[in-house]
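This report concerns only the one structure given below.
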Amino acid sequence: MKFSKAYEPNQFEPDIYALWEKSGAFAPTNKKDAKSYTIVMPPPNANGNLHIGHGLTIALEDILTRYHRLKGDNTWYIPGADHAGFETWVVYERRLEAEGKTRFDYSRDDLYEQVWNFVHEQRGNMELQLRALGASCDWDSLTFTLDQKVVDTVYNTFEKLWKQGLIYRGVKLVNFCTKHQTAFADIEVTHKDEKGKLWEIAYPLVKPKDGIEEIIVSTTRPETLLGDTAVAVNPEDNRYKNIIGEKVKLPLTDREIEIIADEHADPEYGTGVVKITPAHDPNDYEVGQRHNLEMITVIGFDGKMTAEAGANYEGLSTTDARQKVLGDLEDQGLLRGEQDLVHSVGHCYKCNTVIEPLLREQWFIDVKPLAERAIKTLEANKIKFHPANKKRALINYLKNLKDWNISRQIPWGIPIPAFQNVDDPTDWIFDKRVDQQEITKNGKTYRRDEDTFDTWFSSGQWPVITTSDRPQHYPTSVMETGADLLFPWVSRMIMLGLYNTDEIPFEDVYMHGMVLDEKGQKMSKSKGNVINPIEIVTQYGSDALRLGLIASRSAGVNQAFSSSKVIASRNLCNKLWNVARFIQDMVDNSAEQGNKAADNYGEDWICREINKTNKEIQKLVSNYRFAEAGDAIYDLIWNKYADWFLEGEKLWKNTELLKTTLEQILIMLHPFAPFVTETIWQALSWTEGMAMTQTWPETLKFDAKRAAKFEELISIITNIRSHFQSLPGAGSYPIAFYDDKLVYDNQLLLQHFTKAPGVPEIKPEDAKGLHLAIAGHPNIYLEIPEDIHAKYKANLEDRILKLGQEINTLEARLRNPNYVKKAPKELVDETKSQLETKSKLLEDMKAEFALV
RNA sequence: GGGCGGUUAGCUCAGUUGGCUAGAGCGUAUCUUUGACGUAGAUAAGGUCAUAGGUUCGAAUCCUAUACCGCCCACCA
């Protein structure tokens with residue numbers, strides 16, 4: 001294939017991906033002496049589109065996967081697709097709504113089937129997008145979160161928990177969205193600050209005592225008054241000590257409730273008296289538990305007041321009920337004041353409806369034993385975290401974890417395998433026959449629980465489920481995911497992983513931060529600042545997106561998307577493409593002889609640099625330092641390979657070395673930029689197989705002394721170029737020298753790199769022009785005209801001053817007896833030799849200054 | 001209230017056991033229409049590493065305090 005002038009990713013990427021996929025190389029190898037390396041992909045929404053965060057996820061995971069594959073590990077990257085319980089349900093419910101239907105028009109089984117079909121119609125986009133991003137995952141192992149094996153494992157775990165008494169059915173306050181008709185875990189509720197009012201309401205004492213006739217409570221939710229079953233004061237609060245145990249008359253009702261003493265009441269806040277509504281407030285619920293209070297539900301799951309709220313209020317929305325309650329209180333003269341306040345209110349993260357804390361019977365997991373075990377494992381450092389501080393955050397979270405509500409009132413999910421005796425509501429049994437609404441067992445009839453599992457309950461078992469066919473891949477190597485999933489997901493995987501397998505689910509956790517928009521704002525549809533990764537792929541190529549996303553990004557830190565990094569990465573791909581094009585050209589014309597007269601030190605030098613980068617990349621990737629690894633390979637390709645080595649090879653044309661080094665570079669860059677490296681690999685005339693399945697490069701042999709010599713040549717060339725640039729006039733002059741073997745041996749190279757008209761060897765007495773101040777090379781002159789030379793003098797003076805300062809610093813350091821005594825010997829020696837070279841250089845420069 | 005991050009070049013950010021002249025990309029300036037690449041090459045300018053103390057022979061890096069920015073958790077009658 002011929003190389004076009006510029007690399008156009010779109011032309012090649014789909015074919016290259018098809019080549020990989022067809023080759024079967026995504027499947028894990030099963031080599032005997034090799035280690036397993038396993039990454040489970042956090043499953044993207046099966047019927048959604050990938051967002052830029054997925055771009056980062058795939059980039060990081062695929063770099064690791066491809067790197068380990070090249071290193072020879074039995075590498076397995078397991079893709080997944082998430083049924084995305086709630087997310088998908090919301091989308092589907094909207095569709096129903098548009099058709100004028102509601103969920104209540106269908107049975108759960110019908111709905112499940114409808115959504116299943118809906119998802120499968122939509123499905124596939126996400127998987128195509130993963131391919132566009134270059135994910136080298138094993139498609140045959142793709143697991144959908146509703147696959148039978150997922151359900152099986154989840155049911156086994158549930159049964160085990162059930163048998164061990166860690167599952168219980170409880171009536172507790174749950175976070176309920178009255179629009180979506182489902183409960184949420186605490187962690188799913190979004191809190192927002194809102195303006196509200198704090199009302200003061202008088203509750204008259206049934207029997208006035210010690211002159212106290214009423215007490216005044218403060219509340220932001222007067223409508224819940226109808227469900228009050230006590231009022232609380234702080235036991236230390238002297239104002240109310242005497243009336244603890246007395247009764248008050250609950251306004252607007254005919255009930256009498258007790259004044260209790262509880263720490264929950266803060267004497268500093270409001271009047272210091274708080275009404276207690278155990279059925280509608282989490283704190284009040286706890287107070288209720290402590291004092292064994294009655295719980296009266298006055299708000300129903302539909303968000304309307306219940307019959308228990310009284311005939312005057314039944315059927316009203318909470319907002320209307322609030323107005324009516326306030327009005328009625330006012331009429332009775334019991335409303336004593338109102339003031340503005342800002343407080344935070346829980347909202348449904350999807351529809352923004354205010355979350356009602358409501359009593360509901362749900363399945364709960366007693367998390368204590370699970371959390372304790374997880375904490376112990378974390379404290380024993382069994383799992384490494386990147387960034388490390390996430391471990392502590394997780395331990396803290398686990399220490400305060402409350403029992404986990406795993407019931408969701410959404411049809412789209414894994415049915416909870418529990419049945420209730422129709423004659424005895426307290427009799428629940430575990431049974432897997434969830435496809436039946438009613439079953440009989442031991443002659444009794446049981447009705448199915450209509451709820452489904454919280455998604456995190458099933459995805460918390462993801463590593464063990466996905467690796468079940470190849471158990472040697474469990475525990476997995478690394479769990480790479482977004483930092484926001486530390487609590488909801490990573491914590492669950494650790495708890496349930498340990499519970500299921502007695503092993504950790506993964507050895508490392510790497511958490512990436514959020515990809516923000518270019519201004520550093522969170523991306524959101526409503527803000528309209530969402531960046532579509534596939535658009536970037538179309539515009540700049542998949543590799544450019546990957547390299548651009550990982551650039552300058554460190555673990556756990558949110559960072560802005562940077563199109564300039566993507567462009568820079570696109571340019572790197574193009575650069576490499578042209579490097580390859582040029583080398584192929586030289587290979588094609590290898591009959592042309594290069595310079596054989598002298599050694600090319602640049603060859604030793606580039607081998608040294610490639611080896612160095614090779615080692616560096618290995619170290620950086622194993623420490624998850626992707627951005628630095630990317631920088632290292634960028635620097636090698638652009639600033640070393642192309643700028644110096646390849647430039648020199650225009651003279652030497654050492655095609656064998658050009659081939660070897662290019663291959664090594666392609667392989668080392670492959671994990672980061674798989675498409676362009678593979679495209680080149682396929683295009684080159686001499687390479688075989690695929691870049692993807694090569695072995696990570698061995699180190700190259702080179703002569704260290706000659707490599708160091710080349711470095712000297714670089715500094716001579718740079719120095720000369722700098723002069724050519726800064727000197728007034730035409731710009732390039734002959735480089736004259738005497739008594740300098742390195743220059744003598746490399747006249748051609750110097751001329752080539754500096755574009756000097758010549759590099760003549762002269763006699764010392766003929767030396768004239770601009771004397772170069774280069775350490776170790778005192779006899780090099782640029783033969784410039786007199787008039788230009790004079791202007792140069794001022795410049796020289798500045799440089800002498802600067803060098804003098806540097807020498808002073810070094811001398812001061814050496815004069816310090818503590819430095820000489822305490823600093824490592826090598827460092828001190830280095831300082832000494834540096835001082836020596838610089839002093840000599842200074843003498844030379846001073847001598848030159850005297851001359852000009 | 002508890003916890004965690006951040007503050008380094010005009011911009012976005014790297015900088016892991018403290019060690020030579022603090023780096024990158026983009027941007028800027030000047031030069032180069034050289035047969036790999038103008039998505040390029042060459043050269044250069046640009047930083048008292050937020051502030052104040054401390055530890056140390058030596059601090060962007062460790063400690064303490066302050067300021068500002070951001071995130072998470074809990075609470076908010």
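No experiment lies behind these values; they were computed from the predicted model shown. Reminder, nothing fancy here: chain letters follow the sequence lines and each chain counts from 1.
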Filtered N/O pairs between nucleotides 4-6 of chain B and protein, under 3.5 Å:
{"unit_1": "B:rC4", "atom_1": "OP1", "unit_2": "A:R392", "atom_2": "NH2", "d": "2.5"}
{"unit_1": "B:rC4", "atom_1": "O3'", "unit_2": "A:N389", "atom_2": "ND2", "d": "3.3"}
{"unit_1": "B:rC4", "atom_1": "O2'", "unit_2": "A:N389", "atom_2": "ND2", "d": "3.1"}

- Message: Among residues at least two apart in sequence or on other chains, which ones pass side chain to side chain donor-acceptor pair (under 3.5 Å) with A:E200?
- Response: none
- Query: How long is the line joining CD of A:Q539 and C1' of B:rU39, in whole Å?
  - Reply: 13 Å
- Item | By ring pair (Phe, Tyr, Trp, His ring centres under 6.0 Å) - contacts of A:H752 (at least two apart) | none
- State whether a side-chain donor-acceptor pair under 3.5 Å links A:R392 with A:N389. no
- Query: Among the nucleotides B:rA36, B:rC37, B:rU43, which one has an atom lying closest to any side-chain atom of A:L646?
  - Reply: B:rA36
- Message: Test your reading of the model: is there a side-chain donor-acceptor pair from A:D517 to the backbone of A:Q521, 3.5 Å cut-off?
- Response: yes
- Task: Sticking with atom P, work out how far B:rA42 lies from B:rA24, rounded to a whole angstrom.
- Result: 13 Å
- Message: Using the side chain to side chain donor-acceptor pair (under 3.5 Å) criterion, which residues pair with A:R492? Sequence neighbours excluded.
- Response: A:Y397
- Begin with the C-alpha distance, continue with both residues' side-chain angles, and end with the deciding distance and a verdict on side-chain contact (heavy atoms from CB on, under 4.5 Å) for A:N234 and A:D266. CA-CA 6 Å; A:N234 194 284; A:D266 176 1; over 6 Å; no
- Message: Working to the nearest 0.5 angstrom, can you tell me the gap between A:I583 CD1 and A:L657 CG?
- Response: 9.0 Å
- Message: With rounding to the closest Å, how many angstrom separate the C1' atoms on B:rC62 and B:rC68?
- Response: 23 Å
- To the nearest Å, give me how far apart CG (A:N396) and P (B:rG3) are. 9 Å
- In dot-bracket, 5' to 3', how would RNA chain B read with Watson-Crick or G-U wobble pairs under 3.5 Å, [ ] for crossing ones and | for pairs to another strand? (((((((..((((.....[...)))).(((((.......))))).....(((((..]....))))))))))))....
Close N/O contacts between protein and nucleotides 28-35 of chain B (under 3.5 Å):
{"unit_1": "B:rU30", "atom_1": "O2", "unit_2": "A:Q725", "atom_2": "OE1", "d": "3.4"}

- Item | Among A:T679, A:V579, A:T661, A:T677, the one residue meeting side-chain contact (heavy atoms from CB on, under 4.5 Å) with A:L666 | A:T677
N/O to N/O distances under 3.5 Å, protein versus nucleotides 68-75 of chain B:
{"unit_1": "B:rC75", "atom_1": "O3'", "unit_2": "A:N283", "atom_2": "ND2", "d": "3.1"}

- Task: Sequence neighbours left out, what passes ring pair (Phe, Tyr, Trp, His ring centres under 6.0 Å) with A:F626? Give chain and number order.
- Result: A:Y510
- Answer with base, sugar-phosphate or nothing: what part of the nucleic acid does A:A642 contact at a heavy-atom distance below 4.0 Å? base
- Do A:L198 and A:Y269 have side chains that get closer than 4.5 Å, going by heavy atoms? yes
- Message: Could you tell me how far apart A:I637 (CD1) and B:rG41 (P) are, to the nearest whole angstrom?
- Response: 13 Å
- Message: For A:N381 and A:K391, which I'm curious about, is there any donor-acceptor pair between the side chains at under 3.5 Å?
- Response: yes
- Item | Nearest-angstrom distance, P atom, B:rG23 to B:rC31 | 28 Å
- Note on the structure: Applying side chain to side chain contact (heavy atoms under 4.5 Å, CB included) to A:P9 and not counting sequence neighbours gives A:Y7, A:E13
- Item | Check: B:rU39 base within 3.5 Å donor-acceptor of A:R570 side chain | yes
- Query: How long is the line joining CZ of A:R721 and C1' of B:rG41, in whole Å?
  - Reply: 8 Å
- Task: Could you walk me through whether A:R581 and A:K5 pass the side-chain contact (heavy atoms from CB on, under 4.5 Å) test, one step at a time?
- Result: CA-CA 8 Å; A:R581 178 156 84 109; A:K5 198 172 171 190; 3.2 Å; yes
- Message: Using the P atom as the point on both nucleotides, what is the distance between B:rC69 and B:rA60, in whole Å?
- Response: 26 Å
- Query: Judged by atom type as modelled, is there a donor-acceptor pair below 3.5 Å linking the side chain of A:N589 to the main-chain atoms of A:D585?
  - Reply: yes
Pairs under 3.5 angstrom, nitrogen or oxygen only, protein versus nucleotides 19-25 of chain B, please.
{"unit_1": "B:rC20", "atom_1": "O2", "unit_2": "A:Q834", "atom_2": "OE1", "d": "3.3"}
{"unit_1": "B:rC20", "atom_1": "O2", "unit_2": "A:Q834", "atom_2": "NE2", "d": "2.2"}
{"unit_1": "B:rC20", "atom_1": "N3", "unit_2": "A:E830", "atom_2": "OE2", "d": "2.0"}
{"unit_1": "B:rC20", "atom_1": "N4", "unit_2": "A:E830", "atom_2": "OE2", "d": "2.5"}

- For atom CG of A:L401 and atom C1' of B:rG2, their distance in whole Å: 17 Å
- Message: Tell me whether A:K619 at atom NZ has more than 12 heavy atoms from other residues, nucleotides or ligands lying less than 6.0 Å away.
- Response: no
- Give, ordered by number, those residues of residues 219-230 of chain A having at least one heavy-atom distance below 4.0 Å to an atom of RNA chain B; if nothing qualifies, reply none. A:T219, A:T220
- Task: Could you measure between the two C1' atoms, the one in B:rG3 and the one in B:rA74, and give it in whole Å?
- Result: 10 Å
- Item | Spacing between A:F561 atom CZ and B:rC13 atom C1', to the nearest angstrom | 15 Å
- For A:V579, report the nucleic acid contact type (base, sugar-phosphate, nothing); a contact means any heavy atom under 4.0 Å. base
- Task: Could you state the atom-to-atom distance from NE2 of A:H752 to C1' of B:rA42 in whole Å?
- Result: 13 Å
- Test: A:R336 and A:E214 ion pair at under 4.0 Å: yes
- Side chain of A:R581 (C-beta onward), nearest among B:rC13, B:rA36, B:rU39: B:rA36
- Hey, does the side chain of A:N571 come within less than 4.0 Å of B:rA40's phosphate (OP1/OP2), counting only N and O? yes
- What's the closest nucleotide to the A:W638 side chain, out of B:rU39, B:rU43, B:rG41? B:rG41
- Message: We want to know whether A:E518 and A:S563 form a side-chain donor-acceptor pair, criterion being a heavy-atom distance below 3.5 angstrom.
- Response: yes
- With a 4.0 Å cut-off on heavy atoms, is A:T718 in touch with a base, just the backbone sugar-phosphate, or nothing at all? sugar-phosphate
- Is the backbone of A:H280 close enough, under 3.5 Å, to the side chain of A:E356 for a donor and an acceptor to pair up by distance? no
- Item | A:I717 CD1 - B:rU43 C1' separation (whole Å) | 14 Å
- Message: Taking side-chain contact (heavy atoms from CB on, under 4.5 Å) as the criterion, tell me which of A:V566, A:L56, A:N529 meets it with A:F561.
- Response: A:V566
- Item | Contacts of type side chain to side chain donor-acceptor pair (under 3.5 Å), residue A:S491, not counting sequence neighbours | none
